[in-house]
Amino acid sequence: QQQVKQSPQSLIVQKGGISIINCAYENTAFDYFPWYQQFPGKGPALLIAIRPDVSEKKEGRFTISFNKSAKQFSLHIMDSQPGDSATYFCAACTSGTYKYIFGTGTRLKVLA
Amino acid sequence: EPEVTQTPSHQVTQMGQEVILRCVPISNHLYFYWYRQILGQKVEFLVSFYNNEISEKSEIFDDQFSVERPDGSNFTLKIRSTKLEDSAMYFCASSDSGAHSYEQYFGPGTRLTVT
């Protein structure tokens with residue numbers, strides 16, 4: 001119940017294309033869903049986050065889509081660039097705990 | 001831009017030795033965390049710390065682990081007697097209070113290698 005399932009494990013996209021990474025959860029108590037970007041040898045960096053009271057949040061080229069009934073959320077990277085090549089982690093958290101449960105990560109490669 | 005810093009970047013130790021990993025969270029943050037990432041795997045929660053006490057800990061955080069905020073700026077993770085399976089990247093994170101309390105900012109990590 002505490003798991004967050006993330007797919008795909010790896011993704012190759014052409015420059016300018018759309019990258020889509022999906023996550024699913026079971027615990028309906030989760031109410032904060034961040035996405036992190038991690039470059040090799042670096043710590044995860046907060047990219048964008050959403051709460052379940054909205055279905056979509058957009059920041060620049062990054063959009064989170066949230067489907068509360070399906071217990072799924074996804075990250076869309078529009079106009080993907082080679083500099084976006086990194087590992088992306090979704091996570092989920094419950095109010096009051098601040099304990100992130102991370103997905104297994106998606107290694108994105110954007111071809112020039 | 002303020003950031004979380006961690007030292008050392010890489011620590012090599014022998015099995016059974018004690019190690020202390022150090023973190024300096026973002027200065028006005030009130031919540032502190034340790035996570036670990038075994039090579040090629042997902043990031044796992046270890047412990048959260050607020051108001052000078054542990055808020056929550058995972059099953060990984062057993063009696064061999066302890067955390068401390070020895071002064072107003074540092075936050076440490078101690079592993080008393082390291083095991084081979086403790087080899088991982090350890091990340092410190094911190095978050096603000098109020099509306100931003102869920103936004104956790106991670107440091108660059110300490111790679112711990114136990115031989």
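Chain A is the first sequence line, chain B the second, and so forth, proteins listed ahead of strands; every chain is numbered from 1. In this text, all values refer to a predicted model and were calculated from it rather than measured experimentally.
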As a quick check of understanding, evaluate side-chain contact (heavy atoms from CB on, under 4.5 Å) for A/Leu46 and B/Tyr105, giving each step before the final call. CA-CA 7 Å; A/Leu46 180 62; B/Tyr105 294 88; 4.1 Å; yes

For the candidates A/Gly103, A/Gly105, A/Cys93, which exhibits the highest count of non-hydrogen atom pairs separated by less than 4.5 Å from chain B?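 Answer, by heavy-atom pair count under 4.5 Å with chain B: A/Gly103.
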
Which region of [X], side chain (C-beta onward) or backbone (N, CA, C, O), has a non-hydrogen atom less than 4.5 Å from a non-hydrogen atom of chain B, or is it both or neither?
X: A/Lys42; value: backbone
X: A/Pro44; value: both
X: A/Tyr100; value: both

Please check if atom [atom1] in [X] has more than 12 non-hydrogen atoms from other residues, nucleotides or ligands closer than 6.0 Å.
X: B/Leu84; atom1: CG; answer: yes
X: A/Arg107; atom1: CZ; answer: no
X: B/Lys42; atom1: NZ; answer: yes

Which heavy atom of A/Phe89 sits nearest a heavy atom of B/Gln37, and at what distance? CZ-NE2, 3.4 Å

Would you sort out whether B/Phe91 and A/Gln38 count as a side-chain contact (heavy atoms from CB on, under 4.5 Å), showing the intermediate values? CA-CA 12 Å; B/Phe91 293 107; A/Gln38 186 180 30; 3.4 Å; yes

Please work out whether the ring planes of A/Tyr98 and B/Tyr102 are parallel, tilted or perpendicular, with thresholds of 30° and 60°.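 It falls in the tilted class, 30° to 60°.
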
Is the ring pair B/Tyr35/A/Phe102 parallel, tilted or perpendicular, if the boundaries are 30 and 60 degrees?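 Perpendicular: the ring planes of B/Tyr35 and A/Phe102 meet at over 60°.
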
